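Here the structure is laid out as structure tokens; the discussion comes afterwards.
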Amino acid sequence: MDLFYKSTRDSKVRVTASQAILKGLSEEGGLFVPETIPSLDVSLRKLAGMTYQETAYAVMRRFLTDFTKAELQECIAKAYDSKFDLPQIAPLVKAEGAYYLELFHGATIAFKDMALSILPHLMTASAKKNQVKEEIVILTATSGDTGKAALAGFADVPGTRIIVFYPKDGVSSIQEKQMVTQKGDNTFVVGIRGNFDDAQSGVKAIFGDAAFKEELAGKGFRFSSANSINIGRLVPQIVYYVYAYARLLGDGEIAENEPINVVVPTGNFGNILAAYYAKQMGLPIRKLICASNDNKVLYDFFRTGCYDRNREFLLTTSPSMDILISSNLERLIYQTADQDDETDRRLMKELAKNGRYEITPAMEARLGDFYGGYADQKEAAAAIRELYEAVGYVIDTHTAVASCVYGKYKKETGDTTKTVIASTASPFKFTGSVMDAMGEALEGMDDFQLADRLSRLSGMQVPKAVEELRGARVLHDTVVNVDEMKQTVRAFLGTGN
Ligand SMILES: *Cc1c(COP(=O)(O)O)cnc(C)c1O
């Protein structure tokens, strides 16, 4: 049976999976959600014997029903190959009573690779399927990791171009280096004078600009999004939660149907929403623990039912979580509103107008699967140091937020359920902060000296993604104001006027 997707802001909009992937965002600003969440139709026991690629097929085929078996398997094979430095793709590491699900073994050493290595293939397959003639222009705002992962995924993919906007002073130096050295004639990287939310709002405004869309269509271009609002990003992220559970079962760490908890360091709410969908598919997950950094909008939301972005935006050592508008939360809001588009529209309007909204007690009652926690920068640093000193395992600053929140959760609840922590970046991506936390950063060391030292201390090889940056040439140096974003797009596409 075919699964259709509808918009959170207009239930009358109903599209296929491939159409939802092409559009990214619905025209009226809504996010596409599956009409129902399909269930897993393979037993957990059977999944326990599958490779990552086989698991990906078993999960994704349930959501992307208008893809043929051959199409989907081809996309999976192209995505999860030797770009990843381990054949397991997403290995589990047991340390100090938790299982760290390492999602950083892809091209850009952060978890965004898990979805962005397959999105370009899903998108070009979708374009073919829908007889799209225009060139696809990927427009993306990034808090650091999405940008590079999307650039790496789309670079030189025929029929596509990609434009990435990042907050000029809001990403780590390795992240910035990774982006501005990106090769590929179809890539364009732009720093903006503003924070991530400014970049994201700017991109959303361009997507919502009907006149601009028409103007570019006339020139043979069509926008799409690689941001985590695209269901082509969300669906591949469900896979690794299923895979992690199956591995624990296969390795005898858990019994069949034994529930686990999942802790996710959260920013835009995409990763944890994928875990929620995995649970809805029938994966035995008990609690979804949403870990925030000092920008703890989500923690406050889960505690009070009020989402309020009216607060100071803080730059932290976990920049990919420095977000005050978690776009994917809208999908959960819609779900808790019983898929009522009118409620969703009203709340999102309030968010746009006043920067806040409050959900009803009935909606709040449906959030029982979630637990919100947060860790400030000091606590996250302590989590890195403690784990390193205890077992020699080094985690990055984002994973550290999750690790710390998990500690707080256990203390508060006494819950001893086995727990998977999503490890979202390699410590080599945030070397400065990680080494600071370990008390090992030395005055005057550059990123590469720090990486070499971290390698010696941790026994981990410096990843290829970092090695490649040594001596790489800067190819992108455009910096613009937020109100110049649209004009910048025109200029890159050669349609300036
Ligand atoms: C993007 C990112 C996050 C946040 O994930 P969301 O899906 O946006 O919640 C956490 N950690 C790292 C390293 C990331 O790159």
Side-chain angles (χ1 to χ4, degrees), residues 31 100-116 119 140-152 164 166-167 170-172 174-175 178-179 196-197 199-200 225-231 233-238 240-241 262-278 288-293 295-299 301-302 316-332 370 372 374-375 380 384 395-405 421-431 433-434 463 465:
L31 274 55
Y100 287 83
L101 176 62
E102 294 188 349
L103 303 172
F104 55 75
H105 288 273
T108 75
I109 57 174
F111 99 94
K112 306 286 195 296
D113 290 326
M114 301 304 296
L116 281 164
L119 182 69
T140 289
T142 184
S143 57
D145 288 334
T146 296
K148 178 59 187 186
L151 288 161
V164 168
Y166 73 97
V171 301
S172 86
I174 291 260
Q175 285 178 321
Q178 280 188 314
M179 287 191 278
F196 170 69
D197 286 329
Q200 178 155 271
S225 151
N227 269 24
S228 63
I229 48 175
N230 193 309
I231 63 116
R233 287 259 321 258
L234 211 47
V235 171
Q237 292 180 349
I238 302 168
Y240 46 76
Y241 291 107
V262 169
V263 192
V264 186
T266 297
N268 223 358
F269 209 75
N271 202 2
I272 195 166
L273 187 73
Y276 176 66
Y277 282 175
L288 298 150
I289 300 169
C290 175
S292 300
N293 67 15
N295 294 294
K296 56 186 180 63
V297 204
L298 287 167
Y299 165 78
F301 170 70
F302 283 117
T316 73
T317 49
S318 44
S320 302
M321 296 160 65
D322 290 343
I323 288 173
L324 292 181
I325 302 180
S326 300
S327 302
N328 268 298
L329 186 67
E330 182 174 344
R331 289 189 162 107
L332 181 65
F370 289 88
Y374 80 98
I384 293 175
I395 53 175
D396 97 291
T397 46
H398 302 75
T399 309
V401 169
S403 178
C404 179
V405 165
I421 296 178
S423 181
T424 51
S426 160
F428 286 92
K429 194 152 194 175
F430 302 94
T431 329
S433 306
V434 168

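Remember, it's a predicted structure, so these values are computed and weren't measured experimentally. Start at 1 and go down the list; that is how both ligands and their atoms are numbered.
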Could you list which atoms of ligand 1 come closer than 4.0 Å to a heavy atom of [X]?
X	result
G270	6 (P), 7 (O), 9 (O)
A425	13 (C)
F269	6 (P), 8 (O), 9 (O)
T266	9 (O)

Close side-chain approach of [X] and [Y], heavy atoms under 4.5 Å:
X	Y	value
F370	L332	yes
K112	T142	no
R331	Y277	yes
M321	T316	no

- Task: Look only at the side chain of H398 and the backbone of S320, and say whether a donor-acceptor pair between them is shorter than 3.5 Å.
- Result: yes
- Distance-only, no hydrogens or angles: does the S426 side chain make a donor-acceptor pair with backbone N or O of I109 under 3.5 Å? no
Starting from [atom], which protein heavy atom do you reach first, and at what distance in Å?
atom	answer
atom 7 (O) of ligand 1	N271 N, 2.8 Å
atom 5 (O) of ligand 1	F111 CE2, 3.5 Å
atom 10 (C) of ligand 1	P265 O, 3.5 Å
atom 14 (C) of ligand 1	K112 NZ, 2.8 Å
atom 11 (N) of ligand 1	T424 OG1, 2.8 Å
atom 6 (P) of ligand 1	N268 N, 3.5 Å

Just distances here: any N/O of [X] and N/O of ligand 1 closer than 3.5 Å?
X	answer
G267	yes
A110	no
F430	no

- Any idea how Y240 and F111 line up, ring-wise: parallel (<30°), tilted (30 to 60°), or perpendicular (>60°)? perpendicular
- Message: We want to know whether T108 and Q178 form a side-chain donor-acceptor pair, criterion being a heavy-atom distance below 3.5 angstrom.
- Response: no
- Message: Please report the interatomic distance CD1(I395) to OG1(T424), rounded to the nearest 0.5 Å.
- Response: 9.5 Å
